Amino acid sequence: MGNLRITEWRKLPISLTELCINTTLRCGQSFRWRKSGEDEWSCTLHGRILSLRQDDKFLHYRAIFPSKPNRLLLTPPPSATPSAAESPSPEADDTLALIEHYFNLKPNLGQLYEDWATADANFKKKAPKFTGVRILKQDAWEALVGFICSSNNNIARISQMVEKLCTNYGPLIGHIGQTPYHDFPSASALTDSKVEQHLRQLGFGYRAKYLYQTALMVEEKGEGWLDGLRNPESPVLGAEPCSGGEFTDGGREGYRTAHEELLALQGVGPKVADCVCLMGLGWGEAVPVDTHVWQIAQRDYKFGKGKHSSLTKATYDAVANKFRSLWGKEAGWAHSVLFTADLKTFSERLVAKVEVKSEKVEVKSEEVEVKVEHDDVPLIPKIEETTVSKELKREADDERIARELQSRLTKRVTRSRAR
DNA sequence: AAATACCCTTGTCA
DNA sequence: ATGACAAGGGTAT
């Protein structure tokens, strides 16, 4: 193993309103990113370990390649010329292209937020604290598996499950410190008849069967079936985009076809199908309506009465259509911003709750004697001077303080248990 | 269309 | 400390 090629840190100029990885990587789109250091995120991607840091002006990145790149893992674009493969260090440019693709950096996010805010007063009110949320262009198979795991589940456990899938069935790419990084397993890696029972053993519950059977079906449908459902405007890395068709409130024809085809898979209902369409297949109008979005629809968009009093299939479609008519072709993207704003993980950004938390903590903090390192401080406080308004700066401080106190509490609890 | 079971982990509350 | 209980980005029958 030990023989790895590590590129130096490089940087890409980008503002936090155009991309905020601290939000985007934690809002339940991808379940594989992990903290690999102070303000550093890492994940295996396209046959390498990609590490990221971000400040107010740059996204910093580096890649760690296996010494002998596993050709099976790298699926080069059709346009890649074999002769270029041996040039001195092609990985740098390759990694930049990978980042631009994966983080979907082409659209002007500031402009999109403006468009959505103009169309919708509720978006205008909620979005300012959740800027920089981008819809990732994830691998479709990975998205499919991740969201099959998501049913009746929470983000923490989904992430654990995906990690188990990688360590048990995915190829090892390398380590950061002692931590192994495996790539995501292919469908064919999950088609062995022992997989279902093994996954149950690993704590997947009833999703074990879904994953096994879906892997069988995807393999049977053949290589390229899943990517064949992509939005042609959003092709796989390296291919040329072309038109995706005409948009209506029901979505484009290609989207509806993809959605319908996905429903044939085990463990895939309308919500999971929409997640795959949006985050794995590039259909921006896919609006996954889950319990959170259903609550948002009731609270802020007058659903929950009369004909649409419960979340039936008909109500599901009505909610999704409503958001598509409101936000347009990238409705799923706008939906993700509001979804993120509603996640408990980020509730500390809402001032009222920070105050409650601080009070609660202060009572007990008298008996806290543990000094802690700032191991979980978000990036925002560091960059506040140049980019954020005073109001936001105060909130960022509140956030940091709340987290710090909470962190102390956690350590105290751990400690008293150890006695 | 509506009702239930399904796996399992974590947090809350007597 | 311990157990009941609900909820967590739903789906299948």
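Just so it is clear: chains get the letters A, B, ... in the order the sequence lines come, proteins before strands, and each one is counted from 1. Side-chain atoms are counted along with the backbone in the values below, which use heavy atoms only and exclude waters and symmetry mates. Please read these numbers as outputs of a predicted model, since none were measured by experiment.
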If I pick the [atom1] atom on [M] and the same atom on [N], what distance separates them, to the nearest angstrom?
N	M	atom1	result
dA3(B)	dG9(C)	P	24 Å
dT4(B)	dA6(C)	P	14 Å
dA5(B)	dC5(C)	P	15 Å
dG8(C)	dA2(B)	C1'	22 Å

Base, sugar-phosphate, or nothing for [X], non-hydrogen atoms under 4.0 angstrom?
X	answer
R207(A)	base
C27(A)	base
Q29(A)	base

Tell me which nucleotide among [options] gets nearest to the side chain of [X].
X	options	answer
Q160(A)	dT10(B), dG9(C), dG8(C)	dT10(B)
S151(A)	dG9(C), dT11(C), dG8(C)	dT11(C)
T312(A)	dC7(B), dA2(B), dG9(C)	dA2(B)

If I compare all heavy atoms of [X] with all of [Y], which pair ends up nearest, and what's the gap?
X	Y	value
W9(A)	S51(A)	CZ3-O, 3.7 Å
E18(A)	I14(A)	CB-CG1, 3.8 Å
P235(A)	P232(A)	CD-O, 3.7 Å

Using the six-membered ring of F247(A), assess whether NZ or CZ of K329(A) lies under 6.0 Å from its centre and within 45 degrees of the ring axis.
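So K329(A) doesn't make the cation-pi contact.
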When you measure from the centre of the six-membered ring of Y181(A), is the NZ or CZ of R34(A) closer than 6.0 Å and no more than 45° off the axis?
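Checked: cation-pi criterion met.
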Please report, rounded to the nearest Å, how far the [atom2] atom of [N] is from the [atom1] atom of [X].
X	N	atom1	atom2	value
M161(A)	dG9(C)	CE	C1'	13 Å
N152(A)	dA12(C)	CG	C1'	13 Å
I148(A)	dG9(C)	CD1	C1'	14 Å
L263(A)	dA12(C)	CG	P	8 Å
R200(A)	dC6(B)	CZ	P	10 Å
I158(A)	dG10(C)	CD1	C1'	11 Å
H259(A)	dG10(C)	NE2	P	14 Å
F204(A)	dG10(C)	CZ	P	17 Å

For DNA chain C, the residues among residues 264-272 of chain A that have a non-hydrogen atom under 4.0 Å from it
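Result for residues 264-272 of chain A: L265(A), Q266(A), G267(A), V268(A), G269(A), P270(A), K271(A), V272(A), sorted by number.
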According to a strict under-4.0 Å criterion, is T291(A) in side-chain N/O contact with OP1 or OP2 of dG10(C)?
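For dG10(C), OP1/OP2 do have a side-chain N/O of T291(A) under 4.0 Å.
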Nearest 0.5 Å please: distance from the CD atom of E219(A) over to the CH2 atom of W141(A).
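One gets 9.5 Å once the value is rounded to the nearest 0.5 Å.
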Hey, does the side-chain of R157(A) have a donor or acceptor N/O within less than 3.5 Å of a partner on the base of dC7(B)?
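Flag set: donor-acceptor pair detected.
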Pick the nucleotide of DNA chain C nearest each of F31(A) and Y210(A); which residue has the one closer to the 5' end?
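In this pair, the answer is F31(A).
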Quick one: are S336(A) and L278(A) in side-chain contact, heavy atoms under 4.5 Å?
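With C-beta onward as the side chain, the pair touches.
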Before giving the answer on salt bridge (charged side-chain N to carboxylate O under 4.0 Å, His left out), spell out for D300(A) and K125(A) the whole-Å C-alpha distance, their side-chain angles and the decisive distance to 0.1 Å.
CA-CA 11 Å; D300(A) 301 331; K125(A) 181 175 144 197; over 6 Å; no
Pairs under 3.5 Å (Watson-Crick or G-U), crossing ones as [ ], inter-strand ones as |: DNA chain C comes out as .|||||||.||||
Assess whether ring-ring contact (aromatic ring centres under 6.0 Å, His included) is satisfied between F323(A) and Y301(A), documenting all intermediate values.
CA-CA 9 Å; F323(A) 286 142; Y301(A) 297 91; 5.0 Å; yes
Please step through ring-ring contact (aromatic ring centres under 6.0 Å, His included) for the pair H198(A) and Y169(A), ending with a clear verdict.
CA-CA 11 Å; H198(A) 185 211; Y169(A) 295 98; 5.6 Å; yes
Will you find, in the side chains of T315(A) and T312(A), an N or O donor that is under 3.5 Å from an N or O acceptor?
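Yes, because at least one side-chain N or O of T315(A) sits under 3.5 Å from a partner of the opposite role on T312(A).
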